[in-house]
2 protein chains.
Amino acid sequence: MSVTDRRLTRRGEATRARIVETAAGLIYAHGVARTNNEAVRSAAGVSGSQLSHYFPDKESLLRAVLRWRADAMMGLHQTPPQGPPDSIAALRSWADSNLTDETVRDGGCSFGSLAAEVMKSGLDLNDEIAGGFDRWKAQLREGLTAMRAAGVLRPDADLEHLAYVLMAAFQGGMLLSQGARDVTPLRNALYGAIAYVETFGNA
Amino acid sequence: MSVTDRRLTRRGEATRARIVETAAGLIYAHGVARTNNEAVRSAAGVSGSQLSHYFPDKESLLRAVLRWRADAMMGLHQTPPQGPPDSIAALRSWADSNLTDETVRDGGCSFGSLAAEVMKSGLDLNDEIAGGFDRWKAQLREGLTAMRAAGVLRPDADLEHLAYVLMAAFQGGMLLSQGARDVTPLRNALYGAIAYVETFGNA
DNA sequence: AGATAACTGGGCTGTCAAGCCCAGTTACGG
DNA sequence: CCGTAACTGGGCTTGACAGCCCAGTTATCT
């Protein structure tokens, strides 16, 4: 994992972070294959030497981007100020906040579409992808657990199952919506998944 | 679209088809980015001239592959001998037939994962992708329509909505399962989606 | 039989990108 | 203030791959 874990001064860490964020943005917009070192370099305002200093090869940079994206996803997928969606209403507002035209047209799920491309790239980054999805699942389960504790969901509701359903609806909906350049598929997928969660409710 | 629509003899069409199928196989296994002309050429047992004869550039070949994959998907996603799944049982057996370890490890959905990669490639193939998903949706709706006609689903069930839910569950589940190298996410996504369809039943 | 499609098997050019080396300057931390 | 990290800005090699041109042979259709 690069030179990272060595002694990095505050300045060094800032530069490294700037590189990662810049790369993440470019990759989101244009994909991995069409994002080369030079583009990252110039967009981040960094010389080539620095890029290869922090990230000796493309795989190490991609690993950092993947992790950064996963972190960002954790922050993104929570509607209540603190923590993941913990009520049907919160789930709905979570869904709606992702039903924007920009999200759909600009590249889908910032983590999922990247993961899809990386998985086909032959690079050894599957652990990072699996880890990201796992963390996301854990966060969703957290919210679902709160819902069950609050009596919104029945005690016998399978939270792991519901978390999978929500994630798949999100990722699949994003893919379909990207293809159709229209939020309709994503909306249907998310609303359907949430309605399914509701069938495990105490209503 | 290439030289295709010109007069193609039987032999010519056979060769063209062989190229497309070979390319589809290689791309499924290794992704678009890591499948070059030479690999297709040699695997299909065809000289370079022929490859560029039928497909002057990579985009035209990819377009043909995309269409071929969509056709294949139509054939694949139907459990009853003729036609798409038209009962809950048929949906279940459709799901199960896709829950194999190989499918998950070898590259996910043959159309969906290709579509994801192509969308990020910058090539102008979005129409082909949207068309493929549309045809798939139409086929799923066909089965759902039969189910409604047979009284399995209530008259007020929104079939378009259900088709979207099934498709998204499939695609999203495939993506998650590929990342985890495990069919569990896909199984949960599909079973959940089918259970959701059942909530619109006349039971 | 004549035209055209199908096909071989090279080779060549341009382009793009990754990884690497180097010689030097500037900032920071103990 | 000394050592090391941070940084500039080149240049260079190597490899991969797409698209193209060419000179010729074989099959197919009418």
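Chain letters run A, B, ... following the sequence lines, proteins first, then strands; residues in each count from 1.
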Item to check | Whole angstrom value for the distance that separates C1' of dA18(D) from CG of L62(B) | outcome: 13 Å
Checklist entry - Once you round it to whole Å, what is the distance between C1' of dA6(C) and CZ of R16(B)? => result 15 Å
Item to check | Integer-rounded Å distance: dA18(D) P and R34(B) CZ | outcome: 14 Å
Checklist entry - Hey, does the side chain of T15(B) come within less than 4.0 Å of dC7(C)'s phosphate (OP1/OP2), counting only N and O? => result yes
Item to check | Euclidean distance, atom CG of residue L51(A) to atom P of dG9(D) [Å, nearest integer] | outcome: 15 Å
Next on the checklist: Can you confirm whether N98(B) sits close enough to H77(B) that some side-chain heavy atom of one is under 4.5 Å from a side-chain heavy atom of the other?
Outcome noted: yes
Next on the checklist: Working note: E128(B) + R69(B), criterion salt bridge (charged side-chain N to carboxylate O under 4.0 Å, His left out); need CA distance, chi angles, decisive distance, verdict.
Outcome noted: CA-CA 11 Å; E128(B) 211 67 53; R69(B) 276 291 180 212; over 6 Å; no
Checklist entry - Can you tell me how far P of dT25(D) sits from NE2 of H53(B), to the nearest Å? => result 19 Å
Checklist entry - For dA5(C), does OP1 or OP2 lie under 4.0 Å from any side-chain N or O of Y54(B)? => result no
Checklist entry - Whole Å only: how far is the CD atom of E38(B) from the P atom of dG15(D)? => result 17 Å
Checklist entry - Considering only heavy atoms from C-beta outward, does the side chain of N37(A) approach that of R41(A) to under 4.5 Å? => result no
Next on the checklist: Using whole Å, what does the distance between atom C1' of nucleotide dC7(C) and atom CD of E13(B) come to?
Outcome noted: 17 Å
Checklist entry - Do the ring planes of F170(B) and W94(B) sit parallel (below 30°), tilted (30 to 60°) or perpendicular (above 60°)? => result parallel
Checklist entry - Does Q50(B) put a side-chain nitrogen or oxygen below 4.0 Å from OP1 or OP2 of dA6(C)? => result no
Next on the checklist: Return whichever of A33(B) or V46(A) has its heavy-atom-nearest nucleotide of DNA chain D closer to the 5' end.
Outcome noted: V46(A)
Checklist entry - Passes salt bridge (charged side-chain N to carboxylate O under 4.0 Å, His left out), R141(A) versus D134(A)? Steps please. => result CA-CA 10 Å; R141(A) 277 200 61 153; D134(A) 262 0; over 6 Å; no
Checklist entry - Using a distance-only test with no angle check, is there a side-chain donor-acceptor pair under 3.5 angstrom linking S93(A) and D96(A)? => result no
Item to check | Whichever of N36(A) and G12(B) has its nearest DNA chain C nucleotide further upstream toward 5' | outcome: G12(B)
Item to check | Protein proximity profile, nucleotides 19-30 of chain C - base contact B, sugar-phosphate-only contact S, no contact -, cut-off 4.0 Å on heavy atoms | outcome: S-------S---
Checklist entry - Can you tell me if CZ on R154(B) sees more than 12 non-hydrogen neighbours from other groups inside 6.0 Å? => result yes
Item to check | Value in whole Å for how far the P atom of dG19(D) lies from CZ of R41(B) | outcome: 16 Å
